[in-house]
Protein chains: 2
Amino acid sequence: MTFYNALEKHLIDFHVVTHKKGETIYRADEAPRSLYIIKDGLVGLFHISENGKETFLRVFGKTQILGHRSLLAYENYHANAVCLQDTEFYQISASEFNQLLEKDNSLLRSITESLAKDLRVSELRISDLNDKSSYLRVVESIVYLKNKYPDQVWTRQEIAEFAVCTNETVTRTLTKLEKMNLIQKQGRDFSLNNTEGLLNLTNEDF
Amino acid sequence: MTFYNALEKHLIDFHVVTHKKGETIYRADEAPRSLYIIKDGLVGLFHISENGKETFLRVFGKTQILGHRSLLAYENYHANAVCLQDTEFYQISASEFNQLLEKDNSLLRSITESLAKDLRVSELRISDLNDKSSYLRVVESIVYLKNKYPDQVWTRQEIAEFAVCTNETVTRTLTKLEKMNLIQKQGRDFSLNNTEGLLNLTNEDF
DNA sequence: CGATAGATTGAGAGTTTTCAACCGATGTGG
DNA sequence: CCACATCGGTTGAAAACTCTCAATCTATCG
């Protein structure tokens with residue numbers, strides 16, 4: 001049972017809201033007032049550090065939920081949620097969400113499962129930063145982002161913020177990968193020729 | 001309501017197990033069979049990468065729970081849990097845990113709160129790796145580890161694995177901090193003279 | 001007291017960022 | 001539909017940061 005399956009039957013009750021590409025749904029340090037379920041579109045979660053460096057923490061597509069972490073932690077948001085495309089979503093107020101949790105016991109369990117998986121993913125990213133060269137992190141980032149959302153034209157900057165490096169390092173990596181015939185550039189976009197080959201690369205290949 | 005408060009009243013029912021310092025409670029890739037609540041002692045969660053680099057992900061002290069992430073994600077463990085001191089804990093089997101969850105509705109809610117907070121902490125560590133020099137990360141790591149567990153003699157290696165750098169970088173940082181009068185070395189141990197001062201340091205101070 | 005594990009230090013190498021200049025794609029208004 | 005402004009991408013060189021490696025030192029424990 002996924003998060004969305006558990007929620008789906010209730011969604012008819014809630015308002016649909018839309019935001020244009022580039023608009024911010026919520027900002028770090030705000031108190032959470034709602035939960036958002038994406039009906040269609042794409043949203044990124046970005047943290048901006050004191051020195052202004054931006055880190056791309058998570059990406060949310062169709063049927064994914066955002067804002068739940070803060071509500072369930074009883075904390076303010078720790079990052080900014082920004083639309084990467086025009087996006088439609090169902091908005092559920094905190095009190096409506098709490099009513100749903102009481103009405104439906106499986107809902108909390110499936111949200112917890114999702115958070116527990118996100119925690120693994122996040123902790124393994126820390127390990128990757130310890131272990132993998134920036135080139136290799138770019139490779140893994142494009143495999144993740146481009147395979148999951150093939151129609152999105154990811155900018156070098158977005159990939160860099162996801163891989164935790166600079167846009168120049170992303171450019172240099174993509175140039176090398178094209179020479180290796182593992183990707184194909186098309187204007188600002190690109191496509192993956194060989195996901196297996198990309199995932200078999202190691203630190204030594206660069 | 002914390003995780004431990006919600007569990008505490010049930011603990012009398014469970015076996016107490018002890019492990020010596022250095023012993024492993026569980027390893028990455030194993031299927032979770034139990035939940036562990038620390039009665040007394042200290043446990044670290046470490047991930048070892050393909051290339052053998054170790055990352056210190058979380059530390060668990062008295063009244064803290066471990067093994068819950070994997071059980072709730074329906075996943076195998078993603079890291080190794082190792083005793084940093086002789087440690088006593090209550091061991092709860094997966095099926096006993098599931099019974100507890102059914103018996104006590106507040107339990108899952110408090111575990112979820114804890115996971116949601118851990119996710120923030122982990123994601124902000126990724127941001128720190130993007131933004132902060134290794135010296136500054138060492139500073140923040142020693143403030144966290146030493147203030148939370150003052151009696152533990154943390155090795156340079158453990159601090160390095162927590163801060164995501166090398167033991168040499170930890171040594172160099174500690175030497176500088178002692179010259180700045182912010183810490184005091186005592187044999188292999190050290191103590192913090194001025195937590196405020198340490199936390200006010202920036203990338204530019206090194 | 002000796003053995004061992006951990007800490008320190010310096011020099012050199014490697015990786016990644018920074019900065020600057022230039023190039024090319026995209027899309028908008030005339 | 002073209003011209004052009006703008007935004008994003010590319011490239012190279014230099015600087016900065018951190019690690020690696022090796023030698024030496026020191027604390028701790030049996």
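Just so it is clear, the model here is predicted, and its values are computed rather than measured. Protein chains get the first letters and strands the later ones, always in sequence-line order, with residue 1 at the start of each.
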**Q** How many whole angstroms separate atom CG of Asn167(B) from atom P of dC19(D)?
**A**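 Checked: the CG to P distance equals 10 Å.
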
**Q** Considering just the side-chain nitrogens and oxygens of Lys185(A), establish if one lies under 4.0 Å of OP1 or OP2 belonging to dG9(D).
**A**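 Answer no for this pair, as no side-chain N or O of Lys185(A) is under 4.0 Å from OP1 or OP2.
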
**Q** Are any of Lys53(A)'s side-chain N or O atoms less than 4.0 Å away from OP1 or OP2 of dT18(C)?
**A**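 Looking at the OP1 and OP2 atoms of dT18(C), one of them is under 4.0 Å from a side-chain N or O of Lys53(A).
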
**Q** For the residue pair Tyr90(B) and Phe14(B), is the inter-centroid distance of their aromatic rings smaller than 6.0 Å?
**A**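 No, ring centres 6.0 Å or more apart.
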
**Q** Can you find a donor-acceptor N/O pair under 3.5 angstrom joining the side chain of Gln157(A) to the base of dC7(D)?
**A**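 Answer is no: no donor-acceptor pair is held.
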
**Q** Can the ring centres of Phe89(B) and His19(B) be said to be less than 6.0 Å apart?
**A**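 Close enough - the centres of the two rings lie under 6.0 Å apart.
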
**Q** Just the rounded figure in Å: distance from P of dC17(D) to CG of Leu136(B).
**A**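 The distance from CG of Leu136(B) to P of dC17(D) comes to 13 Å, rounded to the nearest Å.
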
**Q** Can you figure out which of dT16(C), dT20(D), dT8(C) approaches the side chain of Ser134(A) most closely?
**A**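 Among the listed nucleotides, the one closest to the side chain of Ser134(A) is dT16(C).
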
**Q** Compute whether any side-chain donor of one residue and acceptor of the other, for Asn80(B) and Thr24(B), lie under 3.5 angstrom apart.
**A**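 Thr24(B) and Asn80(B) do not have a side-chain donor-acceptor pair below 3.5 Å.
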
**Q** Over how many whole Å does the gap from Lys132(A) atom NZ to dT16(C) atom C1' extend?
**A**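 For the pair Lys132(A) NZ and dT16(C) C1', the rounded distance is 18 Å.
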
**Q** Can you tell me if the side-chain N/O atoms of Thr175(A) get under 4.0 Å from OP1 or OP2 in dT11(D)?
**A**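 For dT11(D), OP1/OP2 do have a side-chain N/O of Thr175(A) under 4.0 Å.
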
**Q** Quick one: which of dG8(D), dT18(D), dT10(D) gets closest to the side chain of Tyr135(B)?
**A**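 Selected nucleotide (nearest to the side chain): dT18(D).
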
**Q** When the nearest nucleotide of DNA chain C is assigned to Val164(A) and to Asp189(A) on a heavy-atom basis, which residue is associated with the more 5' position?
**A**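 Taking each residue's closest nucleotide, the earlier one in sequence belongs to Val164(A).
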
**Q** Between dT17(C) and Thr166(A), is there an OP1 or OP2 to side-chain N/O distance shorter than 4.0 Å?
**A**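 True: Thr166(A) side-chain N/O within range (under 4.0 Å) of dT17(C) OP1/OP2.
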
**Q** Can you tell me how far C1' of dA21(C) sits from CD of Glu168(A), to the nearest Å?
**A**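 After rounding, the gap between these two atoms is 12 Å.
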
**Q** Is the distance between the ring centroids of Tyr144(B) and Phe162(B) less than 6.0 Å?
**A**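 Aromatic pair counts; centres sit under 6.0 Å.
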
**Q** To the nearest Å, how far apart are Asp131(A) CG and dT18(D) C1'?
**A**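 Spelled out: CG on Asp131(A) to C1' on dT18(D) is 16 Å.
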
**Q** Can you measure Asn203(A) atom CG to dT16(C) atom C1' for me and round it to whole angstrom units?
**A**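 Interatomic distance, CG of Asn203(A) to C1' of dT16(C): 13 Å.
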
**Q** dC19(D) P sits how many Å from Glu161(B) CD, rounded?
**A**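 Rounded to whole Å, this separation is 13 Å.
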
**Q** Tell whether Arg188(B) reaches the base of dA7(C) with its side chain through a donor-acceptor pair below 3.5 angstrom.
**A**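 Not at all, since no donor on one side and acceptor on the other fall under 3.5 Å apart.
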
**Q** What contact category does Arg156(B) fall into here, base, sugar-phosphate, or nothing, at under 4.0 angstrom with non-hydrogen atoms?
**A**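 Counting heavy atoms under 4.0 Å across all strands, the contact made by Arg156(B) is with sugar-phosphate only.
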
**Q** Give a yes or no on whether a donor-acceptor pair under 3.5 Å exists between the nucleobase atoms of dT20(D), that is its base, and the side chain of Arg172(B).
**A**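 Answer yes: a donor N or O sits under 3.5 Å from an acceptor.
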
**Q** Have a look at Thr169(B) and say if it touches a base, only the backbone sugar-phosphate, or nothing, with a 4.0 Å heavy-atom cut-off.
**A**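 Sugar-phosphate, no base atom in range.
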
**Q** Does this structure show an ion pair linking Lys21(A) with Asp86(A), if we count only N-O contacts that are shorter than 4.0 Å?
**A**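 Asp86(A) and Lys21(A): not salt-bridged.
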
**Q** What's the CG-P distance between Leu129(A) and dC19(D), to the nearest Å?
**A**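 Leu129(A) atom CG is separated from dC19(D) atom P by 12 Å.
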
